[in-house]
Amino acid sequence: MSAPGALQGVPLRGISEVILVVADVKRSAAFYREVVGLSPDDLGEKFAWFWAGPPGVSQRIGITAGPLSFGAAHIRGPMHFAFGTERARIPGLKRALEQKGIEVEGPVEFKFWNALSIYFSDPDDNRVEFCGFGDPPAPAGDT
């Protein structure tokens, strides 16, 4: 018996892209480049792309004033998305954002993931998360 759903139990590679509809592409591109620190892929007047992982890997953030195409013209923010990182980086990331005048919520601990997250908003009130994962907790009784 195969697993339910279209994926039939075969996992995906992760998020390919997230596209944010924003009021001002130039302003939002500056935020994701200068505040968050993402590497640009292609910066245009109507659309900007940033790498969400290592450059050349498929995970990207797209920024546009809209409308979107390909059946998504109805989408308007706010949205939420998360960048995965190492748990030990979360305190430093929080300090760096606060030094840029960004209000940061957290850290929030997710014990079931062994994760620590912080949350902040971009200029269009899209909610951004840095989720820091640690090593999985050892099962009870293991040392």
Practice prompt. State, yes or no, whether a side-chain contact exists between Val25 and Leu43 at a heavy-atom distance under 4.5 Å.
Written response: no
Fill in: Residues which pass salt bridge (Lys or Arg N to Asp or Glu O under 4.0 Å) with Glu105, listed by chain and number, not counting sequence neighbours
Arg127
Practice prompt. Only counting residues at least two apart or in another chain, list the ones meeting side-chain hydrogen bond (donor to acceptor under 3.5 Å, both in side chains) with Glu98.
Written response: none
Discussion item. Lys26: which residues meet the side chain to side chain contact (heavy atoms under 4.5 Å, CB included) condition with it, sequence neighbours left out?
Written reply: Asp24
Item to complete: Kindly write out the residues that satisfy side chain to side chain contact (heavy atoms under 4.5 Å, CB included) with Ala96, not counting sequence neighbours, or none if the list is empty.
Response: none
Item to complete: Could you pull out all residues at least two apart from Phe50 that satisfy ring-ring contact (aromatic ring centres under 6.0 Å, His included)?
Response: none
Worksheet, complete the sentence: By salt bridge (Lys or Arg N to Asp or Glu O under 4.0 Å), Glu17 pairs with (sequence neighbours left out) none
Practice prompt. Give every residue pair that meets the salt bridge (Lys or Arg N to Asp or Glu O under 4.0 Å) criterion with at least one member in residues 47-60, sequence neighbours excluded.
Written response: Asp41-Arg60
Discussion item. Going by salt bridge (Lys or Arg N to Asp or Glu O under 4.0 Å), name the pairs with one or both residues in residues 47-56, residues two or more places apart or in two chains.
Written reply: none
Worksheet item: Which residue pairs pass the salt bridge (Lys or Arg N to Asp or Glu O under 4.0 Å) test with at least one member in residues 48-59, sequence neighbours excluded?
Response: none
Discussion item. Tell me which pairs pass salt bridge (Lys or Arg N to Asp or Glu O under 4.0 Å) where either residue lies in residues 42-58, with sequence neighbours left out.
Written reply: none
Response to the item:
Heavy-atom closest pair (Phe31 atom, Pro123 atom, distance to 0.1 Å) is CG-CD, 3.5 Å
Worksheet entry | With sequence neighbours excluded, residues passing ring-ring contact (aromatic ring centres under 6.0 Å, His included) with Phe120 | Phe130
Item to complete: Would you please name every residue forming a salt bridge (Lys or Arg N to Asp or Glu O under 4.0 Å) with Arg89, sequence neighbours left out?
Response: none
